[in-house]
Amino acid sequence: MEVKTSLLDNMIGVGDMVLIEPLSEDTFIENLKKRFDHNEIYTYIGSVVISMNPYKSLPIYTAEKVEEYRNRNFYELSPHIYALADEAYRSLREQDNDQCILITGESGAGKTEASKFVMSYVAAVCGKGQEVNKVKEQLLQSNPVLEAFGNAKTVRNDNSSRFGKYMDIEFDFKGDPLGGVISNYLLEKSRVVKQPRGERNFHIFYQLLSGASDDTLNLKEMCELLGIEQSVLERAFSFRTVEAKMEKVSTTLNVAQAYYARDALAKNLYSRLFSWLVNRINESIKAQTKTRKKVMGVLDIYGFEIFEENSFEQFIINYCNEKLQQIFIELTLREEQEEYVREDIEWTNIEYFNNAIICDLIENNKNGILAMLDEECLRPGTVTDETFLDKLNTVCAEHQHFESRQSKNSKFLTDHSLPHNCFRIQHYAGKVLYRAEGFVDKNNDLLYRDLSQAMYKANHSLIKILFPEGNPAKVNLKRPPTAGFQFRASVGTLMKNLLTKNPNYIRCIKPNDKKAAHIFTDSLVCHQVRYLGLMENVRVRRAGYAFRQAYDPCLERYKMLCKQTWPHWKGPARLGVEVLLTDLQVPAEEFAYGRSKIFIRNPRTLFFLEEKRSRCLEDLATLIQKIFRGWKCRTHFLLLKKSQVVVAAWYRRFAQQKKYQNIRSSALVFQSFIRGWKARKLLRELKHKKRCEEAVTTISAYWHGTQVRREYRKFFRANAGKKIYDFTIQRIIQKYFLGLKKTMPSMSPIDKSWPARPYGFLDRTHQELRRIFHLWRCKKYRSQFTEEKKATYKEKLAASELFKDKKALYPSSVGQPFKGDYVEITKNPKYQKLNSFAEDKVLLADVVSKINRANGKGAPRIFLLTKKSLVLADQKTGQVKASVPLLDLSSVSVSTQNDGFFALKLKEGSTSAAKGDFLLSSDRLIEIITKLHCIGATSADRNQISIDISDEFLVQFKQDKVCVKFIQGTPKNGNGVACKRKNNRLLEVSVPSP
């Protein structure tokens, strides 16, 4: 049976702020801090999720967590962003309600990460299949591209979104994703030309510098990149053409105006490129079917901003947040009211701060701040930020949320916290001081027509698409809409879109400004709680009933508090709850019965139920423990009884086996003694018989010996002379060979030892046998060689012929085996592409230094040698820098010194000789040149490469010949060989004295 948990189980602090008691700003902050200290970063306010940025990775986003929250009630488990995502997805799939998830908070609070978690959860729980997986992958992979072009490092956030993003994810009737549409708002394009201190430009610029090739990044002009003639762009930056009806007036721009034109072009170019990128992404992720779709929107946009200096950007961002707060309060109240009506609960009017008056102050078509700013930008005559501020002071002086020191309202005349060139608006989140400087220029956001037309003349097709107004055939004299007008229109469209969907809210809070884990700054969190309106959200939720729960889970949780409902209630769940609350004598004014839920007015009532439940659970736990201990003891006793029977049986068996072993052992000892006595008796008889036989044999041998000696004396007397000499020589030679057999040297060909000559007359024979033995063991040793080892020894022999007594570096190479591949080119994944570039088997792969003629310094290169060519490649990237066929190689030059320098000289007139010879340095010079020499010696279609050994030789560098001279000198700074440029025609290589 599945064990269900609850939001209230094992709760750290209070999981739902609606239940906090007493409710105050201090208890609110304290509860957030307590949960944050225990890595509980999510807290509810009813159906709203508060998300604290932990600034570290937490193990709460695993596949197991996804399955844990899948198809669960919102309050069934501890607070989590997955619970909100699951609630929104199930409402869309099962109830056919379009959803929107609104993610707000200031920079660094984790809005972008929250949107990723929502999208990854929806992608994990929706359907599977090849086409569905492709759509999910496209939706998820759109984020990194937009982050690269739209995010930047700021003092508050290393990955701050500098644009607002709203994505509509479209689903079919089964809940499988079909595609999506992305809308972007207010890209901070001014960051392209200027960044605040301590901040960076958009990520893409640094990614480009890090990943692009050298050719892409080459010391190039702007005109070349854009495909525009230099004269056209110079004129566009120097002159401005103003058209009025049939007249054209061209004026020269001063330095400040030229700077403005340059910055305006850079900002517009990047902004339009970003919009083009969003459109391209939309084309790739849009739904391919025209059937009716369900929609889930995810809004990730700037949070409310209050800086030390606030300008036009902060003004329109805060305007957008005012609109979001307005719709948040409106939809929250509407959702609350709809639930009361749906559950047949009497609705109580709730008093709250309506920020519609602030929205009207900003967006009113007649007297709104944005409308007056547009009027100033469009009216003829001199228009400055000062004239705009004067107009505000005249029109908005009496507005209760507008403050200015120059207005008609006398109470601000002595307010020194309010500078003369600023105005202050009292937003729902607090007062914000705006500096009027730059409002007019930023709202105009003008791009001179000359620059648009210059961009349209570009050869680059994309530039033409980005600047369609530059088409001379479609000249439009109408002034383009202002930035404020465009943003107000897009915000209006967004609000209409959100009002058609069921809202889900995620309020993101950052705990500190240091971007560090485990730090909770109370004042910073309190500031965010205020401007996010979280306290007001709690008060709205608590104004009616603080807690509500469906009858079934309520009865399941508290049924043990009443004997009538415990352990099983067989009637309707609502009736069971009524019996339960009546038995507990809960006052009637503290709760109300809805159609499907029980509504509890005061959190104290809920905590009363939880406290009684905790005590009851302790009693139940004691009862369960008692029953368990009894069962455990009975089970243990029965096990002991069964074990005793088994042990007794095994013991009786063991005792009988032991008795049998003793009897058997005694019998074996007795038998062994009898067999021993018989054997000893037989031995004595056999020894006596043997001694008798030996005595007969000895007597016979002595007798035969006497007879032989007698016959020998007769023979010696008769044949004294030559026969005796021959017999003696034979015995000497036989003794010599037997001695030589015992003192033979080892089978090693390098063992030069040989036994001493025993007799002078065998001197030539002794030496000839030594020579024959050495040849024979050399043949035996060679027969053990593999073909690869034979080739290695041939190369070593060739190296000896080339460099012995000619190159000082040669003796140190004798003991080093020729490995060939020193960089493991076949195993290293970085060089796979380079390995495939070589057409034949790689004979040698090593890192060498390519000597620069300009300064004598070396650059590391990968050196590859095959039977047909040699290749030089970049060590880091594996990119091929040069490939030379061996047919184009004429000779190799080296010095006589103890250095690794060598020059590869190319044949004049060959295709490879265009860039000149190569001067290289390697610790394995002997092996490289030996292999080059051996390739030429074994090839029938090319001449053998000549090897020149000299301390002074010429190297062809493109058009010039440079002399490379080797001298002996003292190393500097502990270095070894040093190469230094003396003049345009001489490179001097200093080699330490041996």
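In this text the structure is predicted, and so the values were computed from the model without any measurement.
Enclosure of atom NZ in K881 by more than 12 non-hydrogen atoms of other residues, nucleotides or ligands within 6.0 angstrom is indicated. Counting heavy atoms of neighbouring residues, nucleotides and ligands inside a 6.0 Å radius, atom CD of E908 does not exceed 12 of them. Counted within 6.0 Å of NZ on K796, heavy atoms from surrounding residues, nucleotides or ligands total more than 12; the atom is thus considered enclosed. With a 6.0 Å radius and a threshold of 12 heavy atoms from other residues, nucleotides or ligands, Q207 has its CD atom above the threshold. Applying the 6.0 Å contact sphere to NZ of K457 captures no more than 12 heavy atoms from other residues, nucleotides or ligands. At most 12 heavy atoms of other shown residues, nucleotides or ligands fall within 6.0 angstrom of atom NZ in K841.
Residues K806 and T896 fail the side-chain proximity criterion, which asks for heavy atoms closer than 4.5 Å. Annotation: side chain of K980 is not in contact with side chain of S990 (no heavy-atom distance under 4.5 Å). The shortest distance between side-chain heavy atoms of V884 and L904 does not fall below 4.5 Å. Using a 4.5 Å heavy-atom threshold, the side chains of L986 and V962 count as separate. For the pair E927 and L844, the minimum side-chain heavy-atom distance is below 4.5 Å. Residues V145 and I281 form a side-chain contact, since some pair of their non-hydrogen atoms from C-beta on lies under 4.5 Å apart. Proximity of N159 to K153: side-chain heavy atoms (C-beta onward) are nowhere separated by under 4.5 Å. Using a 4.5 Å heavy-atom cutoff, the side chains of R191 and E188 are in contact.
Cation-pi geometry between K189 and F274 is not met at under 6.0 angstrom from the ring centre and within 45 degrees of the axis.
The main-chain N or O of D874 is never found under 3.5 Å from a side-chain atom of T877 such that the two would form a donor-acceptor pair. The closest donor-acceptor contact from the side chain of N268 to the backbone of R272 lies at 3.5 Å or more, if one exists at all. Judged by distance alone, the side chain of N53 and the main-chain N or O of G108 form a donor-acceptor pair under 3.5 Å. A donor-acceptor pair is defined here as one N or O able to donate and one able to accept, closer than 3.5 Å; no such pair exists between the side chain of D263 and the backbone of L265. Not a single donor-acceptor pair under 3.5 Å links the side chain of K807 to the backbone N or O of N898. Using a distance-only test at 3.5 Å, with no hydrogens or angles considered, no donor-acceptor pair links the side chain of N852 to the main chain of K857. In this structure, S210 contributes its side chain and Y206 its backbone to no donor-acceptor pair below 3.5 Å. Between the side chain of S869 and the backbone N or O of L865, no donor-acceptor pair lies under 3.5 Å. Of the possible donor and acceptor atoms, none in the side chain of R770 sits under 3.5 Å from a partner among the backbone N and O of S753. Using modelled atom types, no side-chain atom of S271 and backbone atom of K267 make a donor-acceptor pair closer than 3.5 Å.
Contact check on D951 versus K965 returns no salt bridge, with no Lys/Arg side-chain nitrogen under 4.0 Å from an Asp/Glu carboxylate oxygen. By the 4.0 Å N-to-carboxylate-O rule, K819 lies too far from D846 to be salt-bridged with it.
Not less than 6.0 angstrom separates the ring centroid of F149 from the ring centroid of F163. Between F237 and Y259, the gap from one ring centroid to the other reaches at least 6.0 Å. Two rings, from F953 and F966, have their centers less than 6.0 Å apart.
Looking only at atom types and distance, the side chain of E199 has no donor-acceptor partner in the side chain of Q195 under 3.5 Å away.
Remark: W754 pairs with H766, F773 by the ring-ring contact (aromatic ring centres under 6.0 Å, His included) rule, at least two apart or across chains.
Separating the CZ atom in R262 from the CG atom in L451 is a distance of 12.0 Å, to the nearest 0.5 Å. Between atom CD1 of residue I967 and atom OG of residue S895 there is a gap of 12.0 Å, rounded to the nearest 0.5 Å. Between the CG atom in D751 and the CE atom in M744 there is a gap of 11.0 Å [rounded to 0.5 Å]. Atom-to-atom distance recorded for Q956:CD and L954:CG is 9.0 Å, nearest 0.5 angstrom.
Applying side-chain hydrogen bond (donor to acceptor under 3.5 Å, both in side chains) to K905 and the options S891, S893, S890 leaves one that passes, S893.
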Side chain to side chain donor-acceptor pair (under 3.5 Å) between S161 and T112, intermediate numbers included: CA-CA 7 Å; S161 297; T112 301; 2.6 Å; yes
Trace of the ring pair (Phe, Tyr, Trp, His ring centres under 6.0 Å) decision for F918 with F902: CA-CA 8 Å; F918 295 92; F902 64 101; over 10 Å; no
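Between G820 and K931 the shortest heavy-atom distance is CA-CE, 4.3 Å.
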